[in-house]
Structures are given as C-alpha cells and as structure tokens.
Amino acid sequence: SVSLADACFPLTHKPLFYYDANNMAQQAGHKALMAADTEEILYVGSEYNPVPNADIYTTLAQLEQHGWQMESIKALNRRVFGFSMVHPEMTFQVGGLVANARLVVINSYDGSQALKVFTGGVIQVCSNGLIIGKGVEYSRKHRGLAVDDFEQVLLDTVEKGLKESLRKVEAKEWELEDMTKLEKMWKSLTKGFPNATNGQPAKIVNALNQRFFEEQRRGYKGELGMMMAATHIVTHDYAQHSGGYILQLEAAIPKVFFN
C-alpha cells in the first residue's frame, strides 16, 4: 500500500510544441499530462483526461458514512492506482465460505487502463492471496468523464454489484471451484517467489492475483482463469517485472496446468 499523498499528487496539462522549418514554435496539437510536483510526463495525447485520484478518493470517502472502510491504496510507478474498500457488515454465505462485500476502483495516468469500478462479493480462498469474486464491473476510457459522472457511476455500480452478488447466491448460481485444488495450484505457481505466502507477497504475485481476478470477471473461472492470468503476465506484462521472475513463471505454467 501507499499513502494517500503518494496516490493523490496534483496533475497538470501542458501543451506541446515543435519547431518548423523556419525555426518557429508551433503547437503540436497534443498535451502532456504531468505530475505537478516532479514535472514527470505521465502521458502524451490530445484527448486523455483521467479523473484525478484526489477526486476519486473524495467520492469514495463519502461511502464511509454507510459502513464502507478503505482497505488499501496501491500504486504502480505513479501511473496505475488501485483503491480497495470493504464493508465488514455486508457478507454472503457461499458454500460454507464467507464472501465479503468489496469495492475496487482502478485508475491510470498513463493510458494503460480504462477507469474500472468493481463491486460485489469476494472470497479470500487462502492466506497467500488467492481470491475469487462475483459482481458487476464498470469500465470507461478516460475521455469526457467528469467527476460528477464518476460519482454517479460509483453509486450505481455499488448498488448493482451487491444486488447481483445476492441474486447469484440466492439462485445458487455462484458455483465454487474445488478450493483445495485451486489453492494447491496457486501455491505451485507462486512458490518460487520471495514472501509469496505471507502478508507481503512479491509484486509479480500481486499482479498475477489481480489479473486472475480480472479473468474471473470476464467469465474465465478456476484453472482456465488462473492459466490465462499467468500467460498474460509472461506475454504482455513482462516488462514490469524481473526477467528472472518472468522466466520462472513461464517455466511453472506447463508444470502446473499440463502435468
């Protein structure tokens, strides 16, 4: 987790220029999204206008009066951010396990992710971070989304997500995989990474867990979703992790899923 200040640093937009053949400065038609405190360029484009994290946090804080609690704030290289909230008093009983009501908001300043809001029931299967969940996700590109729009989107998604989770539980549509088998596969997939089984797993384990959760929301459950998450990390997100870890994960995939 990071501090609120680390996630909610101020942003600024600055127009970009180029010099023509006569050495005259001309507007390029694009602008740079920059961190105002360090002047670090986060994104260059013409229409990209993300909702600031400070406004997201202000909106989320309003839910605290309804029992929601901020669980964690995460950041990846000051570009991709995650806000996670939990409601301790909202739970769903699923197959003898307890699904906690959870709200997750993913935001990015570098164009790599759409603004995403997920809410629903989440079960932590084991202590090394494996989670599964059901609910509703909202996703929208960072163009033309005002702060007031985000506030309404958030409230609508929370309501719909919790209703959908409850409906699936009551209709017995929330089919649970063999938890013992999934946990064993997860441990085999992550056992070589440092601190993978305590409260501070390696960054690649967190990334793998988040990707697995996203695959489940897309409808890819159990072993298939876990395999798709692992292959996504090694084929698309490899640059964000240690080369040794990527090779290690790549070598583990056939052993875990095809033996």
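Note that the numbering runs from 1 along the sequence shown for the chain.
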Would the number of heavy atoms belonging to other residues, nucleotides or ligands and lying under 6.0 Å from CD of E39 be above 12? no
Please check if the number of heavy atoms outside K160 that lie under 6.0 Å from its NZ is greater than 12. no
Mind checking the [atom1]-[atom2] spacing from [X] to [Y]? Nearest 0.5 Å is all I need.
X: H30; Y: H13; atom1: NE2; atom2: NE2; value: 13.0 Å
X: Q69; Y: L60; atom1: CD; atom2: CG; value: 13.5 Å
X: H87; Y: E71; atom1: NE2; atom2: CD; value: 13.5 Å
X: H236; Y: R211; atom1: NE2; atom2: CZ; value: 8.5 Å
X: T12; Y: K14; atom1: OG1; atom2: NZ; value: 6.0 Å

Any side-chain heavy-atom pair of [X] and [Y] under 4.5 Å:
X: R79; Y: E40; answer: yes
X: I204; Y: F193; answer: yes
X: V117; Y: L103; answer: yes
X: I233; Y: H241; answer: yes
X: I73; Y: F81; answer: no
X: W186; Y: M226; answer: yes
X: L33; Y: N49; answer: no

Give a yes or no on whether the backbone of [Y] and the side-chain of [X] come within a donor-acceptor separation of less than 3.5 Å.
X: N22; Y: M24; result: no
X: N53; Y: N107; result: no
X: T119; Y: R102; result: yes
X: D237; Y: Q240; result: no

Restricting to non-hydrogen atoms, name the atom on [X] and the atom on [Y] that form the minimum distance, rounded to 0.1 Å.
X: A230; Y: L189; answer: CB-CD2, 4.1 Å
X: V104; Y: S84; answer: CG2-OG, 4.3 Å
X: Y48; Y: K31; answer: O-CE, 4.3 Å
X: G29; Y: S46; answer: O-CB, 3.6 Å
X: S108; Y: P50; answer: O-CB, 3.6 Å
X: M228; Y: T231; answer: O-OG1, 3.0 Å

Does a side chain donor of either T59 or E151 reach within less than 3.5 Å of an acceptor in the other side chain? no
If you measure only the distance, is there a donor-acceptor pair under 3.5 Å linking the side chains of D156 and Q152? yes
Would K203 and Y245 count as a side-chain contact (heavy atoms from CB on, under 4.5 Å) if you check the C-alpha gap in whole Å, the side-chain angles of each, and the deciding distance to 0.1 Å? CA-CA 10 Å; K203 187 179 80 169; Y245 288 173; over 6 Å; no
Between R78 and F9, is NZ or CZ placed under 6.0 angstrom from the six-membered ring centre and within 45° of the ring axis? yes
Apply side-chain contact (heavy atoms from CB on, under 4.5 Å) to residues V234 and L247 and explain how you reach the verdict. CA-CA 8 Å; V234 299; L247 290 175; over 6 Å; no
Have a look at T190 and tell me which of L249, N209, V205 forms a side chain to side chain contact (heavy atoms under 4.5 Å, CB included) with it.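 Of L249, N209, V205, side chain to side chain contact (heavy atoms under 4.5 Å, CB included) with T190 is met by V205 alone.
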Ring pair (Phe, Tyr, Trp, His ring centres under 6.0 Å) involving H66 - partner list, sequence neighbours excluded: none
Y57: what forms a ring pair (Phe, Tyr, Trp, His ring centres under 6.0 Å) with it, not counting sequence neighbours?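 Scan of Y57 (ring pair (Phe, Tyr, Trp, His ring centres under 6.0 Å), adjacent residues dropped) gives none.
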Partner set under side chain to side chain donor-acceptor pair (under 3.5 Å) for D110, not counting sequence neighbours: S112
Are V86 and W68 close enough, and set up right, to give a side-chain contact (heavy atoms from CB on, under 4.5 Å), and what steps lead you there? CA-CA 6 Å; V86 65; W68 289 89; 5.6 Å; no
Who are the side chain to side chain contact (heavy atoms under 4.5 Å, CB included) partners of [X], not counting sequence neighbours?
X: S188; value: V256
X: S3; value: A5, D6
X: A32; value: L16, M34, I41, V44

Could you walk me through whether Y109 and Y43 pass the ring pair (Phe, Tyr, Trp, His ring centres under 6.0 Å) test, one step at a time? CA-CA 7 Å; Y109 285 167; Y43 185 84; over 10 Å; no
